[in-house]
Amino acid sequence: MLYRNSIGVVALAAVFVTAVADARAHDETKYPDWSGQWLRTGGIQWDPSKPIGRGQQAPLTPEYQAIFEASLADQSAGGVGNDARYSCFPVGMPRLMSVIFPMEFILSPKITYVLFENNMPRRIYTDGRSWPKDPEPTFAGYSIGKWIDEDGDSRFDVLEVETRYMKGPRTFEGTGLPLHKDNQTVVKEKFYLDKSNADLLHDEITTIDHALTRPWTVTKNFRRERNPSWLENDCSEDNHHVAIGKENYFLSADGYLMPAKKGQAPPDLRYFRQSLR
Amino acid sequence: MRRQLAVLASCAFVATSGAVSAHHSFAMFDQENPIELEGVVQEFKFTSPHSFIILQVRQQDGGTQLWSLEGGAPSALVRDGWSSKTLKPGDELQLTIEPLRSGAPGGSWSVGRAKFKDGRPIIVTP
């Protein structure tokens with residue numbers, strides 16, 4: 001019995017020593033203070049300096065401009081266009097960084113987590129790894145980052161990130177401003193605190209995508225809430241928007257389907273008719 | 001006859017200031033033709049992704065119709081000082097809503113355009 005207890009004590013001590021070693025390895029004085037809750041300072045559009053939709057003046061190819069125009073036309077009739085988010089579909093990168101609901105950073109030497117109130121987290125690997133060979137694509141993509149000490153004060157102040165291997169469909173914003181369906185998007189970001197305001201975080205985002213005629217750079221700005229409240233925001237709890245085929249419907253107060261568009265036909269019930277025969 | 005409701009008046013202005021910051025397109029709601037709606041709260045659903053006010057609206061024939069009104073996410077409402085207890089069943093409200101384009105009894109509501117029926121503001125503690 002004594003022998004078994006001794007093994008337990010030794011094992012516990014080993015775990016403690018390892019934890020202390022890990023803590024020492026993460027020298028917090030080398031990393032910027034990005035703690036707290038970060039909220040967007042602009043609207044919900046992609047480029048916060050321009051109006052949503054056509055006002056974005058996105059450098060789309062003619063083919064993707066036509067896809068965008070079709071999305072806008074569908075939305076003016078009450079449809080959702082290219083925006084699948086209404087049915088809780090993941091937004092993916094780069095739209096995640098519109099930060100519709102707040103985000104939080106967890107920094108460590110090998111990985112930075114970006115947590116979102118209403119989306120799956122991003123993982124930014126900063127351990128010096130190379131790109132994996134043929135990884136499974138994900139909506140958030142695969143992100144590799146690099147910390148930089150720009151002003152030479154022995155403390156990192158910039159995190160440069162490149163993200164590849166995304167899954168689709170994805171759009172830049174709710175208007176259905178599209179990314180290319182080949183999902184070859186590359187997103188390059190530069191995160192840094194404002195030099196005169198430590199509660200303001202900038203993210204310069206350049207998107208390279210075959211739907212675009214050139215790389216498109218926008219800057220997102222986030223303000224810090226140092227005493228945040230966090231709530232759950234799980235899209236599956238009570239979403240009243242229903243996707244059936246290519247149509248979108250809306251749930252009534254008593255749980256029945258209602259049309260979203262004027263003159264919209266009910267869903268095709270062919271298999272229900274079959275089961276009633 | 002699109003809306004057989006006692007208290008509806010078309011408001012021909014573009015809704016901007018009180019718009020809900022949604023995680024998805026709100027294109028199914030007619031933001032350019034908001035309407036006034038009065039009714040009694042049946043339920044205030046403080047749920048994700050968006051809150052809902054289920055409002056009993058009196059119709060011309062004396063009956064009531066339930067309206068499903070989508071609002072901000074609970075987390076956004078909390079940051080505006082709201083809680084799940086801000087509205088109670090039985091509260092009488094006056095809202096400017098953006099109705100479903102289909103004419104069905106649904107729409108979107110926003111914090112800045114909701115008050116009690118007697119004109120009192122909805123008191124919150126931000």
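Remember, it's a predicted structure, so these values are computed and weren't measured experimentally. Numbered from 1 within each chain, the chains take letters A, B, ... in sequence-line order.
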**Prompt:** Is the centre of the A:Phe191 ring less than 6.0 Å from the centre of the A:His202 ring?
**Reply:** no
**Asked** Side chain, backbone, both or neither: which part of A:Ala77 has a heavy atom under 4.5 Å from chain B?
**Response** backbone
**Request:** Name the region of A:Leu39, side chain, backbone, both or neither, that has any atom closer than 4.5 Å to a heavy atom of chain B.
**Result:** side chain
**Asked** What part of A:Ser76 gets closer than 4.5 Å to chain B, counting heavy atoms only: side chain, backbone, both or neither?
**Response** backbone
**Request:** Examine distances only and state if a side-chain atom of A:Glu173 and a backbone atom of A:Gly53 form a donor-acceptor pair shorter than 3.5 Å.
**Result:** yes
**Request:** May I ask you to check whether A:Trp38 and A:Phe222 place their ring centres under 6.0 Å from each other?
**Result:** no
**Message:** Does any backbone or side-chain atom of A:Asn248 lie under 4.5 Å from a heavy atom of chain B? Answer side chain, backbone, both or neither.
**Reply:** side chain
**Engaged part of A:Ser229 at the chain B interface, taking heavy atoms whose separation is under 4.5 Å** = both
**Asked** Do you see a donor-acceptor pair shorter than 3.5 Å between the side chains of A:Glu117 and B:Ser75?
**Response** yes
**Request:** Take the angle between the ring planes of A:His240 and A:Phe250 and call it parallel below 30°, perpendicular above 60°, tilted in between.
**Result:** tilted
**Message:** Shorter than 4.5 Å, heavy atoms on both sides: which option in A:Pro102, A:Gly43, A:Ser236 has the most such pairs with chain B?
**Reply:** A:Pro102
